[in-house]
Each structure stands twice: as structure tokens, then as C-alpha cells.
Amino acid sequence: QMELVESGGGLVQAGGSLRLSCAVSGRTFSGSGMGWFRQAPGKEREFVAATDWNSLNRYYGDSVKGRFTISRDNAKNTVYLQLNNLQSEDTAVYYCARSRYAIITTMVNDYDYWGQGTQVTVSS
């Protein structure tokens, strides 16, 4: 089994920044791709960012490209998401997840372990 715990969410003004962390325990994740998704009330879960197993490749959703950065520290079993220039439309619960694959994937069904989520609220 694997447990993922997100932290770092909160309330921030538009234009501000947050850094989300996802601590992974239970088994090593160093050989797996990792991703971040978000879900706003009444909307489907949306892909935000993903990295492959060794961080050589990263991929972002169009709405966050240039503002968010995903990274990982395999030695610390932790994945990060830096959120810059936040806008009101970024308000959502943010989830980290482990991919079934070592490469980058963007589909929800490609991820088998999920955290409980952390709320990000951006005030305008």
C-alpha cells in the first residue's frame, strides 16, 4: 500500500504564490510517474502537471503552463507543486497521485494512488 499526504494549501490573494507538497509513504515511488490534479466544485477533476520517474520530463495543463512548476525529490519521497501568479480560477482542491507508469500520463485513470487533497483558495 501507498499513502499520499498533501499539504501547503491555503487562502491567497490573486497574484500570490503557494507551494504544495505531497509526502509519499508505504512504498517507494521513485520508479513511478507522479502527477497533480485539481477539482473545483461542480467540475470534473482536471490534470494540472506531471513528471516522469526521474524528473527529466514534465508536462503541464494549458491553464497553468508558465505559472506552475512540478518537481520531486526521490530521496525524500516527496513531490512538489509551486503555484505562482495565482488567479481566482485556480481555486480548487489539489490532489497528488501516483501513476501506474514511469512515464508522464495525464489521464485520471492512469493513476492508482491518490492523496486526500489540499484546498487552494484564491481571492480576487
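Throughout, residue positions are numbered sequentially from 1 according to the sequence presented.
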Candidate pair Asp73 and Tyr80, rule side-chain contact (heavy atoms from CB on, under 4.5 Å), full reasoning: CA-CA 8 Å; Asp73 186 336; Tyr80 304 97; 4.2 Å; yes
What's the separation between atom [atom1] in [X] and atom [atom2] in [Y], rounded to the nearest 0.5 Å?
X	Y	atom1	atom2	value
Thr121	Asp90	OG1	CG	11.0 Å
Gln116	Ser7	CD	OG	8.5 Å
Met34	Ser71	CE	OG	11.5 Å
Ile103	Asn57	CD1	CG	9.5 Å
Phe68	Arg19	CZ	CZ	14.5 Å
Asn54	Ser30	CG	OG	10.0 Å

Do you know the tightest heavy-atom contact between [X] and [Y]?
X	Y	result
Thr105	Ser99	OG1-OG, 3.3 Å
Gly31	Ala102	O-CB, 3.3 Å
Ala40	Ala92	N-CB, 3.9 Å
Leu86	Arg67	CA-NH1, 3.9 Å
Ser124	Ala14	CA-CB, 4.3 Å
Arg72	Ser55	CG-OG, 2.8 Å

Short side-chain to backbone donor-acceptor contact, Glu6 and Gly117, under 3.5 Å: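 Yes, the answer is positive, given that a donor and an acceptor are paired below the 3.5 Å cut-off.
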Joint hydrophobic cluster, Val122 plus Val64, side-chain heavy atoms closer than 4.5 Å: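 Same cluster.
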Pairs meeting criterion disulfide (SG to SG under 2.5 Å) with involvement of residues 23-101, two or more places apart: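 Qualifying pairs: Cys22-Cys96.
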Salt bridge (charged side-chain N to carboxylate O under 4.0 Å, His left out) partners of residues 44-58, not counting sequence neighbours, each pair once: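 Matches after skipping sequence neighbours: Arg38-Glu46.
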Inter- and intrachain pairs under salt bridge (charged side-chain N to carboxylate O under 4.0 Å, His left out), touching residues 102-113, at least two apart: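 Every pair satisfying salt bridge (charged side-chain N to carboxylate O under 4.0 Å, His left out) with a residue in residues 102-113: Arg98-Asp112.
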Any residue meeting ring pair (Phe, Tyr, Trp, His ring centres under 6.0 Å) with Tyr94, in chain and number order, not counting sequence neighbours: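 Applying ring pair (Phe, Tyr, Trp, His ring centres under 6.0 Å) to Tyr94 gives none.
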Counterpart residues, salt bridge (charged side-chain N to carboxylate O under 4.0 Å, His left out), relative to Lys65 (two or more places apart):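 Salt bridge (charged side-chain N to carboxylate O under 4.0 Å, His left out) check on Lys65 returns Asp62.
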ILVMFWY cluster membership beyond Val108 - transitive side-chain contacts under 4.5 angstrom: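 In the cluster with Val108 are Phe37, Phe47, Tyr59, Val93, Tyr95, Ile104, Tyr111, Trp114.
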Given Thr91, Leu81, Leu20, the one that forms side-chain contact (heavy atoms from CB on, under 4.5 Å) with Val120: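 With Val120 as partner, Thr91, Leu81, Leu20 yield a single side-chain contact (heavy atoms from CB on, under 4.5 Å), made by Leu20.
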